[in-house]
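Throughout, numbering of the chain's residues begins at 1 and tracks the sequence. Keep in mind it's a predicted model, so treat the numbers as computed, not measured.
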Amino acid sequence: MMMINSTQVSYFTFSAYFDLGHLKYLLFMIVMCIYVVIVGSNLLLIVVICMNRSLHEPMYLFLCSLFVNELFGSTGLFPFLLVQILSDIHTLSAPLCFLQIFSLYTYGNVQFYNLAVMSYDRYLAICCPLQYNTRMVFNKAAMLIAVTWLIPLLNILVMMSLSASLQLCGNIIDRLFCNNYSVVKLACSDTTVNNIYGLVYTFIVLFGLAILILYSYVRIFRVCFSGCKQTRQKAVSTCTPHLASLLNFSFGVFFEIVQSRFDMNRAPILLRTFLSLYFLTCQPLFNPLMYGLNLTKIRIICKSLVFGQM
């Protein structure tokens, strides 16, 4: 098979889609409703945090960054899905495919960095309450948010530059959307550099963030078990939504790895679809609900906005 440089590939074809007949209009409406709920709920919480001075604290600033990222990631997926559901030919131009890879991988990386920073913030608030206001000042919170976005952006740009330089033997992607690993699998040229970069980044950066999260919660649990009732209540009220979000994110990452690295052709089509979309759908739906209902300040302000009660 003749090798073609990836810059000469005009489009990619997605083979995971199948004919739904008239059901595609029902599916379109369901996906549209999910996207509207994601945009509406995340945007509501962003506005609530930005417009209320009482919420201009590090914990809520980190939450705002989380919600902005979820809007970013959802916009990289759902408009594309809506077009593909109604389309009879499931293709996407190469530049738009790489743009989608950029947005979805940036979303995943920023989400993990955000959750790690939020773990560190909760550790300081619960384990060092007297020093919290001096150790987590506004400038430090802003710097952490900037790092949360800049490092993943640089990583994804390097990853994409390596993928774009590959020589490809085809343009068929067995997924519902563009995926870097699926593009790399189409390569005829040597992918050693891509694999080494991916492994180094995973084990040095992402493994380091996982250790930070684990260390933070080990210290938090130790304080909870040895502290007073008030300390335990504070930990439960602020850490429960974060822990739930962290577990949900971990499940999503696990499903994505299973879907990408193992042959899923024998699995039922509904299972494959669920595994493909869980990582990019459940987090943006799940987080606004968890934080909006569990954090008292946000819940009170949201109620006043929705029901017009001050």
Trainee: Look at K24 together with D88 and state whether they make a salt bridge at an N to O cut-off of under 4.0 Å.
Mentor: yes

Trainee: Can you check whether I220 reaches C127 side chain to side chain, under 4.5 Å on heavy atoms?
Mentor: yes

Trainee: Quick one: pull up CG in L115 and OG in S216 and give me the separation to the nearest 0.5 Å.
Mentor: 12.0 Å

Trainee: So S245 and Q283, do their side chains get closer than 4.5 Å, heavy atoms only?
Mentor: yes

Trainee: Does a donor on one side chain sit under 3.5 Å from an acceptor on the other, for N52 and S54?
Mentor: no

Trainee: Might you confirm whether atom CD1 of I89 has over 12 heavy atoms from other residues, nucleotides or ligands at distances under 6.0 Å?
Mentor: no

Trainee: Any side-chain heavy-atom pair from F138 and M143 closer than 4.5 angstrom?
Mentor: no

Trainee: Indicate the atoms forming the closest heavy-atom contact of S103 with G76, along with that distance.
Mentor: OG-CA, 3.6 Å

Trainee: Could you check whether any side-chain N or O of Q100 sits under 3.5 Å from a backbone N or O of C178, counting only pairs where one atom can act as donor and the other as acceptor?
Mentor: yes

Trainee: For residues I38 and P284, report the shortest heavy-atom separation together with the two atoms involved.
Mentor: CG2-CB, 3.6 Å

Trainee: My understanding is that only one of N109, L144, T148 makes a side-chain contact (heavy atoms from CB on, under 4.5 Å) with N114; could you say which?
Mentor: T148

Trainee: Determine whether a donor-acceptor pair (N or O, by modelled atom type, separation under 3.5 Å) exists between the side chain of N248 and the backbone of A244.
Mentor: no

Trainee: Taking the ring centre of each residue, are Y107 and F72 less than 6.0 Å apart?
Mentor: no

Trainee: State, without any angle test, whether Y132 and D121 hold a side-chain donor-acceptor pair at a distance under 3.5 Å.
Mentor: yes

Trainee: Tell me if the aromatic rings of F112 and F249 count as close, with their centers under 6.0 Å from one another.
Mentor: yes

Trainee: Kindly state whether the ring of F279 and the ring of F254 have centres lying under 6.0 angstrom apart.
Mentor: no

Trainee: Would you check if L186 and C169 make a side-chain contact, meaning some heavy-atom pair closer than 4.5 Å?
Mentor: no

Trainee: Check whether any side-chain heavy atom of V205 lies under 4.5 Å from a side-chain heavy atom of Y113, and answer yes or no.
Mentor: yes

Trainee: Same cluster or not: V117 versus V218, using hydrophobic residues (I, L, V, M, F, W, Y) connected whenever any side-chain heavy atoms lie under 4.5 Å apart?
Mentor: no

Trainee: Rounded to the nearest 0.5 Å, what separates atom CD in E70 from atom CG in N42?
Mentor: 4.5 Å

Trainee: Would V68 and L104 show up in the same hydrophobic cluster when neighbours are defined by side-chain heavy atoms closer than 4.5 Å?
Mentor: yes

Trainee: Hey, quick one: are F207 and Y105 part of the same hydrophobic cluster, counting side-chain heavy atoms closer than 4.5 Å, chains of contacts allowed?
Mentor: no

Trainee: Tell me whether L27 is reachable from V83 by hopping between hydrophobic residues (I, L, V, M, F, W, Y) whose side-chain heavy atoms are closer than 4.5 Å.
Mentor: no

Trainee: What's the verdict on side chain to side chain contact (heavy atoms under 4.5 Å, CB included) for M118 and L63, showing C-alpha distance, side-chain angles and the deciding distance?
Mentor: CA-CA 8 Å; M118 291 168 68; L63 278 177; 3.5 Å; yes

Trainee: Over all heavy atoms of both residues, which pair between R135 and C128 is shortest? Give the atoms and the distance, please.
Mentor: NH1-SG, 3.6 Å

Trainee: Step by step, work out the side chain to side chain contact (heavy atoms under 4.5 Å, CB included) result for I30 and I34.
Mentor: CA-CA 6 Å; I30 293 172; I34 292 173; 4.1 Å; yes

Trainee: For Y197, I'd like to know if atom OH has over 12 heavy atoms of other residues, nucleotides or ligands within 6.0 Å.
Mentor: yes

Trainee: Do the two ring centres, one from F14 and one from F80, sit under 6.0 Å apart?
Mentor: yes

Trainee: Rounded to the nearest 0.5 Å, what separates atom CD1 in I298 from atom CE in M59?
Mentor: 7.0 Å

Trainee: Indicate yes or no: at least one non-hydrogen side-chain atom of Q131 is less than 4.5 angstrom from one of M136.
Mentor: no

Trainee: Rounded to the nearest 0.5 Å, what separates atom CG in L45 from atom OH in Y291?
Mentor: 11.0 Å

Trainee: Hey, is the main chain of Y278 close enough, under 3.5 Å, to the side chain of T281 for a donor-acceptor pair?
Mentor: no

Trainee: Without hydrogens or angle criteria, can the side chains of T106 and W149 be said to hold a donor-acceptor pair below 3.5 Å?
Mentor: no

Trainee: For a 4.5 angstrom cut-off between non-hydrogen side-chain atoms, does S87 reach Y17?
Mentor: no

Trainee: Would you confirm whether N69, through its side chain, and V110, through its main-chain N or O, come within 3.5 Å as a donor-acceptor pair?
Mentor: no

Trainee: So how far is it from N194 CG to N180 CG, rounded to the nearest 0.5 Å?
Mentor: 7.5 Å

Trainee: Is Y25 close to L20 at the side-chain level, that is, under 4.5 Å between some pair of heavy atoms?
Mentor: no

Trainee: Ignoring hydrogens, what is the shortest heavy-atom contact between C97 and I173? Give both atom names and the distance.
Mentor: SG-CD1, 4.2 Å

Trainee: Roughly how far apart are L81 CG and F177 CZ, rounded to 0.5 Å?
Mentor: 8.0 Å

Trainee: Between F12 and H90, is the ring centroid distance below 6.0 Å?
Mentor: no

Trainee: Is there a path of hydrophobic side-chain contacts, each under 4.5 Å between heavy atoms of I/L/V/M/F/W/Y residues, joining F28 to L285?
Mentor: yes

Trainee: If you take all heavy atoms of S119 and H242, which pair is closest and at what distance?
Mentor: OG-CE1, 2.8 Å

Trainee: Looking at every non-hydrogen atom in both residues, tell me the closest pair between S189 and L166 and how far apart they are.
Mentor: OG-CD2, 3.7 Å

